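Model, not experiment: these values are computed from the prediction.
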Amino acid sequence: RALPALDTWAKGFDRVVFVVEKGFEGSAAGRGCRPARDGTLVCPRLADAHLLAADCTDEYRGAGPCCKCDAAFAHAAGAARPWDWVG
């Protein structure tokens with residue numbers, strides 16, 4: 001789902017961060033990524049997309065959107081640069 005977004009509506013953004021489950025880091029695609037200074041992973045096999053690995057388990061609201069949103073907001077709040085919000 002990420003690659004079509006990068007090719008369409010997100011094409012004009014200088015940077016897009018996708019939130020994924022922590023298990024992605026150990027996957028075949030995740031092992032090809034490298035850590036970025038801001039705590040995300042940069043994945044050359046995924047068009048240099050930035051991925052934020054969220055530790056979402058069934059013990060904390062499940063592995064669904066609530067936990068991932070919490071991780072995204074926490075990451076954005078701690079970022080050293082201003083962020084543009086798209087609603």
Colleague: Not counting sequence neighbours, list each pair that qualifies as a disulfide bond (SG atoms under 2.5 Å apart) and has a residue in residues 3-42.
Modeller: Cys33-Cys43
Colleague: Ignoring hydrogens, what is the shortest heavy-atom contact between Cys67 and Asp55? Give both atom names and the distance.
Modeller: SG-O, 4.0 Å
Colleague: Grab the two heavy atoms, one from Val19 and one from Ala54, that are nearest each other, plus how far apart they are.
Modeller: CG1-CB, 3.8 Å
Colleague: Which residue pairs pass the salt bridge (Lys or Arg N to Asp or Glu O under 4.0 Å) test with at least one member in residues 25-36, sequence neighbours excluded?
Modeller: Lys22-Glu25
Colleague: Nearest 0.5 Å, please: how far is CZ in Phe24 from CG in Leu51?
Modeller: 5.0 Å
Colleague: Looking at every non-hydrogen atom in both residues, tell me the closest pair between Val42 and Ala36 and how far apart they are.
Modeller: CG2-CB, 3.7 Å
Colleague: Please report the interatomic distance NE2(His75) to OG1(Thr40), rounded to the nearest 0.5 Å.
Modeller: 5.5 Å
